[in-house]
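Working notes for the structure below.
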Amino acid sequence: MTKRHGPAVRDTKPSELHDRILATASKLFYRNGVHSVGVDLVVAESGVAKTSLYRHFGSKDALVAAFLQSEDADFWRQWDAIAERHSNDPPAELDAYLDWMDVRLRRTGYRGCPQLNVVAELTDPKHPARKIATRHKERMRERFRELAKRMGLDKPKQIGAQLALVFDGAFMSAPLGAGVEMADTLRRTVAALLESQRLRKR
C-alpha cells in the first residue's frame with residue numbers, strides 16, 4: 001500500500017508533486033534568498049513530506065539548481081518569442097528586448113536576475129547552480145553577439161559583451177528601488193553604445 005502524507009498530497013501524481021515543490025521553492029528562493037530558505041520551510045509551504053522533497057530532488061543544492069534551471073528556461077522562452085517576432089529586423093529585435101526589460105524592471109516585488117542573485121550567495125564554483133548561472137550569462141553574451149553581427153556592427157563580440165553588461169547592471173540596480181530609472185537608463189545607454197558605433201563608421 002502506498003503511504004500517504006496527509007490530505008495535501010493525496011491523489012497527487014508524482015510530476016504534480018515535483019512541480020509543487022519546485023514552484024514553492026522557487027518563490028521562496030527568489031523572494032528570500034537561497035541561504036535563508038531551508039528545506040523545512042519549503043516542506044511546510046508546499047504541504048508535502050520531507051521524504052517527498054528528497055525523493056524528487058535529492059538535496060537542497062539540487063533543488064536550488066532546479067530553481068535556476070526553471071528560471072533559465074522561462075527566460076529563454078520569452079527571449080525566443082521576441083526573437084521570432086523580429087527575426088528579419090535586428091534593430092527592432094533589440095528595441096523589443098528593451099521594451100521587455102522595461103516591464104520586467106518596473107514590476108512589483110522585482111528582486112533582480114535570479115542567476116546573479118544565486119551566484120552572489122553561492123561561492124563554490126563547483127555548485128551545480130553556479131554552473132547553470134554561468135551558462136546562462138555565456139548564452140546571453142552569445143545572443144547579443146549574434147544580434148550585433150546581424151545589425152552589421154563592428155566587433156560584434158565586444159558589442160555583445162557590452163550589451164550583456166549593461167543589461168546585467170540594470171538587473172542588479174532595479175531592486176534598489178530604481179526600476180523606473182534603470183529601465184530608462186538602460187535604453188539611453190544602449191542608444192549611446194549604438195551611436196558610438198555609427199560615429200566610428202563615418
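Source: prediction; values computed, not measured.
Other residues, nucleotides and ligands contribute only 12 or fewer heavy atoms inside 6.0 Å of the NZ atom of Lys149. Heavy atoms of other residues, nucleotides or ligands lying less than 6.0 angstrom from CG of Asp124 number more than 12.
By the 30° and 60° cut-offs, the orientation of the rings of His18 relative to His56 is perpendicular. Between Trp76 and His136, the two ring planes are tilted [angle within 30° to 60°].
When all heavy atoms of Val119 and Ala133 are compared, the closest pair comes out as CG2-CB, 3.4 Å. Considering all non-hydrogen atoms of both residues, Ala129 and Val118 come closest at CB-CG1, 4.0 Å. Scanning all heavy atoms of the two residues, the minimum distance from Val42 to Thr24 falls at O-CG2, 4.0 Å. Residues Pro175 and Arg111 share a closest heavy-atom pair of CG-C, 3.2 Å. The two residues Met182 and Ala174 have their closest heavy-atom pair at CG-N, 3.8 Å. For the residue pair Met140 and Phe171, the shortest heavy atom distance occurs at CE-CE1, 4.1 Å.
Side-chain atoms of Glu121 come within 3.5 Å of backbone atoms of Val34 as a donor-acceptor pair (strictly under, hydrogens ignored). At least one donor-acceptor pair under 3.5 Å links the side chain of Ser173 to the backbone N or O of Gly169. The backbone N or O of Pro128 sits nowhere less than 3.5 Å from a side-chain atom of Asp61 that would complete a donor-acceptor pair. For Thr134 (side chain) and Arg130 (main-chain N/O), a donor-acceptor pair under 3.5 Å exists by modelled atom type. A donor-acceptor pair is defined here as one N or O able to donate and one able to accept, closer than 3.5 Å; no such pair exists between the side chain of Lys126 and the backbone of Lys131. Here the side chain of Ser196 pairs a donor or acceptor atom with the backbone of Leu193 at under 3.5 angstrom.
Side-chain contact between Glu16 and Asp19: absent, with no pair of heavy atoms (C-beta onward) separated by less than 4.5 Å. Contact check for Thr185 versus Val166: no side-chain heavy atoms found under the 4.5 Å cut-off. Inter-residue side-chain proximity for Phe75 and Arg104 is flagged as met; some heavy-atom pair is nearer than 4.5 Å. Side chains of Val103 and Asp99 form no contact here, defined as non-hydrogen atoms less than 4.5 Å apart. A 4.5 Å side-chain heavy-atom check between Leu194 and Met151 finds at least one atom pair inside the cut-off.
Applying the salt bridge (charged side-chain N to carboxylate O under 4.0 Å, His left out) test to every pair with at least one member in residues 30-41, sequence neighbours left out, gives these pairs: Asp40-Lys50. For residues 30-50, no residue pair satisfies the ring pair (Phe, Tyr, Trp, His ring centres under 6.0 Å) rule, not counting sequence neighbours.
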| task | Determine, step by step, whether Arg135 and Asp72 satisfy the salt bridge (charged side-chain N to carboxylate O under 4.0 Å, His left out) criterion, reporting the C-alpha distance in whole Å, the side-chain angles of both residues, the deciding distance to 0.1 Å, and the verdict. | result | CA-CA 10 Å; Arg135 289 196 299 270; Asp72 180 79; over 6 Å; no

Run the side chain to side chain contact (heavy atoms under 4.5 Å, CB included) test on Lys137 and Leu116 for me, step by step, so that the C-alpha distance in whole Å, both residues' side-chain angles and the decisive distance to 0.1 Å come before the verdict. CA-CA 9 Å; Lys137 294 306 176 183; Leu116 294 174; 3.7 Å; yes

Side chain to side chain contact (heavy atoms under 4.5 Å, CB included) assessment of Arg143 paired with Asp80: CA-CA 10 Å; Arg143 290 294 190 95; Asp80 289 341; 2.9 Å; yes

Under the criterion side chain to side chain contact (heavy atoms under 4.5 Å, CB included), I'd like the reasoning laid out for Val190 against Phe167: C-alpha separation, chi angles, the key distance, then a yes or no. CA-CA 9 Å; Val190 170; Phe167 269 65; 4.2 Å; yes

Item to complete: Kindly determine whether Phe29 and Glu71 satisfy side chain to side chain contact (heavy atoms under 4.5 Å, CB included), including the steps that lead there.
Response: CA-CA 11 Å; Phe29 288 151; Glu71 290 289 335; over 6 Å; no

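To the nearest 0.5 angstrom, Leu147 atom CG is 11.5 Å from His86 atom NE2. The line from CD of Glu146 to NZ of Lys157 is 12.0 Å long, rounded to the nearest 0.5 Å. Going from atom OG of Ser46 over to atom CG of Leu22 covers 10.5 Å, rounded to the nearest 0.5 Å. With rounding to the nearest 0.5 Å, the separation of OG in Ser26 from CD1 in Ile21 is 11.5 Å. Note: Phe67 CZ to Ile132 CD1 = 10.5 Å, rounded to the nearest 0.5 Å. Atom CZ of residue Arg20 and atom OG of residue Ser52 lie 9.5 Å apart, to the nearest 0.5 angstrom.
Residue Leu165 is not grouped with residue Leu163 when hydrophobic side chains (ILVMFWY) are merged at heavy-atom distances under 4.5 angstrom, including chains of intermediate members.
Checked against the 6.0 Å centroid criterion, the rings of Phe144 and Trp79 qualify as a close aromatic pair.
Ion pairing between Arg145 and Glu142 holds under the 4.0 Å rule for side-chain N and carboxylate O. In summary, Asp184 and Arg106 engage in a salt bridge, as defined by a charged side-chain N under 4.0 Å from a carboxylate O. Ion pairing of Glu93 with Arg150 is present here, as a side-chain N (NZ or NE/NH1/NH2) and a carboxylate O approach within less than 4.0 Å. Salt bridge Arg107/Asp102: absent, no basic N to carboxylate O contact under 4.0 Å.
Using modelled atom types and a 3.5 Å distance limit, the side chains of Gln78 and Asp74 yield a donor-acceptor pair.
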